[in-house]
Amino acid sequence: DIYTVMLIANPGLYCADTTFSDYSVQLPIVPEFNIPQVICSDNGTSFSFEATGIIPDGGIYNWDFDQGVQSNEIAPQNITFPIPGDYFVTLSIENNGCIGIFTDTLTIFPEVSAVIGPQAVGCIGLDLALVNESQNATDYQWTISGNEQQFFSTETTPLISVPLEGLYNIMLVATHENTCPDTAFG
């Protein structure tokens, strides 16, 4: 909005003078962004950000990703963080002399590593304990197949009863909700 201000110097006197000036008053800039979900690809984990909130047209954007990486885009893409830890992400927007700043913390969790430990030789009809040596995972999906048999488990260290003699293929997918999954075969 534009406001006109009138100033009268020495009102009512012989040497009175009047001047007018227009002032533009801007709405406050209130930038925001959501901490993005993990994007998993063959090239590793990257993140995409997007400025939201109360943002006037024509603003100048400045993102700081707390590792010497900056961007002037509205929605920077493919931002990577080198090691696990907490990163302060700051978005500042400037427009017509007004500045709005928003900071939030992005936590990068350690990568999941699915590892199937050495397996004992099992006997038909006895339970076989599968050894899980995975790191940084919270959820597991086991698939054991062979001899036209297939077993599934979501337990950390499942026990399976092997009904037939032979070799069985073991696949373990280890996951954590905040990282990319990893798969191991045994």
Atom of I35, atom of T105 and distance for their closest heavy-atom approach: CD1-O, 3.5 Å
Before you tell me yes or no, could you show the steps for Q141 and T154 under side chain to side chain donor-acceptor pair (under 3.5 Å), namely the whole-Å CA-CA distance, both residues' side-chain angles and the distance that decides it to 0.1 Å? CA-CA 5 Å; Q141 295 174 340; T154 56; over 6 Å; no
Do I29 and F49 sit in the same hydrophobic cluster, where Ile, Leu, Val, Met, Phe, Trp and Tyr count as joined when their side-chain heavy atoms come under 4.5 Å apart? yes
Distance only, no hydrogens: is a donor on one side chain within 3.5 Å (strictly under) of an acceptor on the other, for T179 and E111? no
Applying ring pair (Phe, Tyr, Trp, His ring centres under 6.0 Å) to F102 and not counting sequence neighbours gives F33
Are the side chain of D17 and the backbone N or O of A9 linked by a donor-acceptor pair below 3.5 Å? no
Is there side-chain contact between P110 and Q135, with at least one heavy-atom pair below 4.5 Å? no
From CA spacing to verdict: side-chain contact (heavy atoms from CB on, under 4.5 Å), F65, S71: CA-CA 8 Å; F65 296 103; S71 174; 4.2 Å; yes
Any idea which heavy atoms bring D66 and Y87 closest together, and the distance? OD2-CA, 3.5 Å
Decide side-chain contact (heavy atoms from CB on, under 4.5 Å) for I101 and T90; before the verdict, give the C-alpha distance in whole Å, the side-chain angles of both, and the deciding distance to 0.1 Å. CA-CA 7 Å; I101 299 173; T90 300; 3.8 Å; yes
When you look at T143 and Q150, which way does the side-chain contact (heavy atoms from CB on, under 4.5 Å) test go after all the steps? CA-CA 7 Å; T143 304; Q150 198 160 26; 3.5 Å; yes
For a quick test of reading the model, state the closest non-hydrogen atom pair linking N95 to P56 and the distance between them. ND2-CG, 3.0 Å
Within this structure, what is the CD1-OG distance for the pair I79 and S46, rounded to the nearest 0.5 Å? 8.5 Å
Pairwise distance CG(N169) to OG(S145) - rounded to 0.5 angstrom: 5.0 Å
Going from OG on S24 to OH on Y3, what distance comes out if it is rounded to the nearest 0.5 angstrom? 9.5 Å
Using distance alone, with no hydrogens and no angle criterion, decide if N132 and T156 have a side-chain donor and acceptor under 3.5 Å apart. no
Cluster check F109, V89: I/L/V/M/F/W/Y, side chain < 4.5 angstrom: no
Would you kindly confirm whether V173 and Y168 end up in one hydrophobic cluster when ILVMFWY residues are joined by side chain heavy atoms under 4.5 Å apart? no
So, taking the atom named OG1 in T103 and the one named CG in L91, what distance separates them when rounded to the nearest 0.5 Å? 8.5 Å
Does any non-hydrogen side-chain atom of S48 lie less than 4.5 Å from one of P36? no
For I54 versus P28, what's the shortest heavy-atom pair and its separation? CG2-O, 3.6 Å
Taking side-chain contact (heavy atoms from CB on, under 4.5 Å) as the definition, give me every residue that meets it alongside T52, ordered by chain and number, with sequence neighbours left out. E32
CD (E94) and CD1 (I99) are apart, to the nearest 0.5 Å, by 4.5 Å
Who pairs with N10 by side-chain contact (heavy atoms from CB on, under 4.5 Å), at least two apart in sequence or on another chain? L13, C15
Atom pair CG/OG1 of D104 and T107 - distance to nearest 0.5 Å: 9.0 Å
G186 to I116 - nearest heavy-atom pair and separation: N-CD1, 3.7 Å
In terms of hydrophobic clustering (I, L, V, M, F, W, Y; side-chain heavy atoms under 4.5 Å; direct or indirect links), are F88 and F47 co-clustered? no
For S134 and A114 the tightest heavy-atom approach is OG-CA, 3.4 Å
Group every Ile, Leu, Val, Met, Phe, Trp and Tyr by side-chain heavy-atom contacts under 4.5 Å, then state whether I170 and V131 land in the same group. no
Could you check whether any side-chain heavy atom of T18 comes within less than 4.5 Å of a side-chain heavy atom of L7, counting everything from C-beta outward? no
T4/D22 under side chain to side chain donor-acceptor pair (under 3.5 Å): CA gap, chis, key distance, verdict: CA-CA 4 Å; T4 301; D22 291 332; 2.6 Å; yes
Under 3.5 Å, is there a donor-acceptor pair between the T157 and E155 side chains? no
Stepwise side-chain contact (heavy atoms from CB on, under 4.5 Å) check, D64 with Q70: CA-CA 5 Å; D64 183 345; Q70 296 185 339; 3.9 Å; yes
Between W63 and E73, is there a donor-acceptor pair closer than 3.5 Å when you use the side chain of the first and the backbone of the second? yes
